[in-house]
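One structure is given below, encoded as structure tokens.
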Amino acid sequence: MLDTIFYVAITAEAMSAALAAGRRNMDWFGVCVIACVTALGGGTVRDLVLGHYPLVWVENPYLLVVCCIAAFVPIVMARYMAALRWPFLLLDAVGLATFTIIGCNVALEMGQQPIIVIVAGLLTGIVGGVLRDILCGDVPLVFSSELYATVAIVSGVLYYFGHISDLPHDLVVIGTIAFGFTFRVLAILFKIQMPKFVYDKELR
Amino acid sequence: MLDTIFYVAITAEAMSAALAAGRRNMDWFGVCVIACVTALGGGTVRDLVLGHYPLVWVENPYLLVVCCIAAFVPIVMARYMAALRWPFLLLDAVGLATFTIIGCNVALEMGQQPIIVIVAGLLTGIVGGVLRDILCGDVPLVFSSELYATVAIVSGVLYYFGHISDLPHDLVVIGTIAFGFTFRVLAILFKIQMPKFVYDKELR
Amino acid sequence: MLDTIFYVAITAEAMSAALAAGRRNMDWFGVCVIACVTALGGGTVRDLVLGHYPLVWVENPYLLVVCCIAAFVPIVMARYMAALRWPFLLLDAVGLATFTIIGCNVALEMGQQPIIVIVAGLLTGIVGGVLRDILCGDVPLVFSSELYATVAIVSGVLYYFGHISDLPHDLVVIGTIAFGFTFRVLAILFKIQMPKFVYDKELR
């Protein structure tokens with residue numbers, strides 16, 4: 001089941017990344033790169049940092065093909081994309097929780113310490129979007145927008161404690177996804193943000 | 001032969017990167033860093049992603065020295081650089097095809113799947129320029145300018161099929177470089193670009 | 001002793017990174033990420049490039065906790081931070097030399113060649129700040145400001161020659177830190193900069 005949701009999430013990430021690339025007037029190649037980097041970049045950085053070779057997409061290169069095909073959907077259907085804002089946000093919310101769980105699983109299988117399990121989930125969930133923003137020349141949204149990383153962290157903590165408990169694995173997975181999804185959607189609906197740190201004076 | 005062209009290409013990349021750094025008024029150290037990152041960054045990211053250690057320049061550190069020396073040429077000869085625009089573009093076109101072949105070879109020697117062979121060539125060919133643009137604070141040129149990545153991809157595909165065919169290896173190398181060079185020069189001359197995806201509406 | 005200074009330096013880096021994040025109005029999560037990336041990013045990139053696993057903070061995840069706690073100090077004490085400009089600059093100068101030595105040591109233990117030892121020290125000393133600037137949307141300061149990278153390079157060379165000489169190790173460490181600290185402070189006081197390469201004409 002996690003696998004199916006993984007593909008849906010990858011596709012949704014690639015499609016919304018393509019829209020970000022389209023807003024910068026990138027060419028079709030740039031759109032595909034941004035789609036691949038956004039959808040697969042989180043897992044890539046996690047694997048580099050943990051030394052977990054081979055990388056997911058090096059082992060399964062068809063994932064790159066999936067991302068490139070997904071990237072062309074918004075190109076073909078650009079006029080309908082604005083109407084699909086909410087479906088995308090909902091898929092992205094499911095994807096965030098799913099990516100987090102997959103990232104935690106990789107670290108758990110490697111026998112990493114609890115903090116690193118949470119960090120692996122966090123990296124998998126958010127780094128793709130950070131790389132997308134850097135390649136598009138923006139300050140990453142995730143550092144200043146509605147709760148996103150917080151959802152990944154709290155979902156990761158929840159999943160970790162579910163994992164070491166006696167609860168059945170499927171229940172923990174479904175529960176974590178349901179929690180992460182609800183938390184993220186509430187954050188968007190009510191514009192819940194982390195407190196900001198506003199500092200004016202020049203230090204350096 | 002590939003080795004000789006490799007050094008010429010590294011040097012040309014380092015020199016044109018130094019010009020990009022000079023346009024941002026960087027100091028000499030910054031110029032050297034941008035030169036090294038541009039000339040060696042593509043191979044570095046390829047090796048990180050494939051887990052191919054040790055990295056080329058860690059094994060042959062004098063490559064860093066070559067890049068730094070090359071970076072000083074534009075500093076000393078700044079007034080003549082504008083006149084050298086075409087020689088640089090031609091060397092860069094040879095370099096693009098050469099880097100692509102070298103990247104494909106690394107993946108082939110590791111026994112990677114065909115798509116990853118092409119991707120390894122692509123990463124080697126273009127990532128240096130992407131990192132240069134990010135360090136200079138620009139949206140990477142390669143996503144919106146004349147055909148560049150496409151040249152690397154098509155050259156990579158050509159080289160891969162040449163490699164698995166019965167053709168002599170040298171012929172395949174020379175043929176791929178000739179093709180990549182011609183394709184890139186034609187793209188510059190006739191301003192051939194990939195179709196762009198222009199998307200105005202705000203999704204997020 | 002190097003360990004103690006390492007923690008002080010990590011903390012100082014994390015705190016001044018938090019101020020940079022605060023100037024971009026990031027939220028608390030963004031502040032923590034920028035703090036961790038700045039304090040630990042140099043060592044991370046060094047380890048990735050050298051294939052030196054596990055990474056320092058993956059093995060000692062409490063370092064992430066230290067950075068996050070340090071990041072909250074400027075949030076709580078924002079009004080006093082401007083007065084602490086000099087203490088921070090001094091700590092940062094000690095940190096630069098310390099990070100450089102630690103980076104050199106990692107490469108020396110791996111039996112790397114002399115140039116790579118210096119580069120490992122340089123990466124450890126400056127990459128954290130480069131990543132901080134990229135994540136904040138700036139052209140990295142280190143490429144155009146007062147001597148910083150130069151201090152790391154010269155300190156690394158000094159440490160390397162001290163290391164292969166017959167001098168006692170502690171003396172070499174203390175001497176290198178004293179030299180790096182003095183050199184950096186003089187560079188700030190007298191606004192010593194590397195010569196700049198200013199290039200106006202458009203090559204591409």
Side-chain angles (χ1 to χ4, degrees), chain B residues 15-34 36-37 40 44-45 47-48 51-55 57-65 68 71-72 74-76 78-86 88-89 92 129 131 134-138 141 145-146 188, chain C residues 44-53 55 106-107 110-120 122-123 125-127 129-131 133-154 160 187 191-204:
Chain B
M15 288 167 71
S16 65
L19 290 179
R23 278 196 286 275
R24 257 108 208 140
N25 302 348
M26 290 192 187
D27 63 26
W28 289 0
F29 169 76
V31 173
C32 287
V33 169
I34 301 286
C36 290
V37 167
L40 304 171
T44 299
V45 169
D47 287 348
L48 289 180
H52 181 254
Y53 288 101
L55 304 196
W57 58 267
V58 174
E59 204 168 18
N60 307 303
Y62 62 87
L63 282 173
L64 298 170
V65 180
C68 290
F72 272 91
I75 295 181
V76 176
R79 75 181 65 183
Y80 307 108
M81 294 312 286
L84 294 174
R85 185 170 180 271
W86 266 101
F88 267 116
L89 286 176
D92 182 69
L131 293 174
I134 291 175
L135 287 175
C136 289
D138 297 325
L141 258 180
S145 194
E146 287 96 0
I188 300 173
Chain C
T44 299
V45 168
R46 175 202 65 216
D47 287 347
L48 289 181
V49 153
L50 298 180
H52 181 256
Y53 288 100
L55 304 196
V106 169
M110 294 179 76
Q112 299 287 354
Q113 299 172 58
I115 296 182
I116 298 302
V117 172
I118 314 296
V119 170
L122 175 65
L123 289 174
I126 71 160
V127 168
V130 172
L131 293 175
D133 292 342
I134 291 176
L135 286 174
C136 290
D138 296 327
V139 172
L141 257 180
V142 74
F143 297 155
S144 58
S145 192
E146 287 97 358
L147 293 186
Y148 195 88
T150 310
V151 175
I153 294 173
V154 180
Y160 177 74
K191 295 191 189 304
I192 308 173
Q193 303 195 343
M194 286 278 276
K196 291 209 173 145
F197 175 37
V198 179
Y199 184 75
D200 276 335
K201 304 183 191 68
E202 281 300 313
L203 180 79
R204 50 157 91 215

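Since this is a predicted model, take the numbers as computed values, not measurements. Keep in mind that the numbers below use all heavy atoms, side chains included, and drop hydrogens, waters and symmetry copies. Letters go in sequence order (proteins before strands), and every chain restarts at 1.
Ile34(B) touches chain C through its side chain: at least one heavy atom from C-beta onward sits under 4.5 Å away, while N, CA, C and O do not. Of the two parts of Gln113(C), only the side chain, counted from C-beta on, holds a non-hydrogen atom closer than 4.5 Å to a non-hydrogen atom of chain B. Heavy atoms of Leu64(B) lying under 4.5 Å from chain C belong exclusively to its side chain. Contact of Tyr53(B) with chain C is made through the side chain alone, with heavy-atom distances under 4.5 Å. The part of Ile126(C) that comes within reach of chain B is its side chain, from C-beta onward, which places non-hydrogen atoms under 4.5 angstrom from that chain. With a 4.5 angstrom heavy-atom cutoff, Leu48(C) touches chain B via backbone and side-chain atoms both. Both the backbone and the side chain of Val58(B) come within contact range of chain C, judged by heavy atoms closer than 4.5 Å.
Minimum interatomic distance between Leu147(C) and Val151(C) (heavy atoms only, all atoms of both residues): O-CG2, 3.8 Å.
A donor-acceptor distance shorter than 3.5 angstrom exists from the side chain of Asp27(B) to the backbone of Phe29(B), with no hydrogens or angles considered. A distance-only check finds no donor-acceptor pair linking the side chain of Arg46(C) to the backbone of Ala120(C) [under 3.5 Å].
Most heavy-atom pairs under 4.5 Å with chain B, from the set Val49(C), Val119(C), Leu50(C): that is Val49(C).
Side-chain rings of Trp28(B) and Phe72(B) approach one another, their centers coming within less than 6.0 Å.
Asp47(B) contributes atom CG, which lies 10.0 Å from atom CD of Glu59(B) (distance to the nearest 0.5 angstrom). To the nearest 0.5 angstrom, Leu131(B) atom CG is 11.0 Å from Leu40(B) atom CG.
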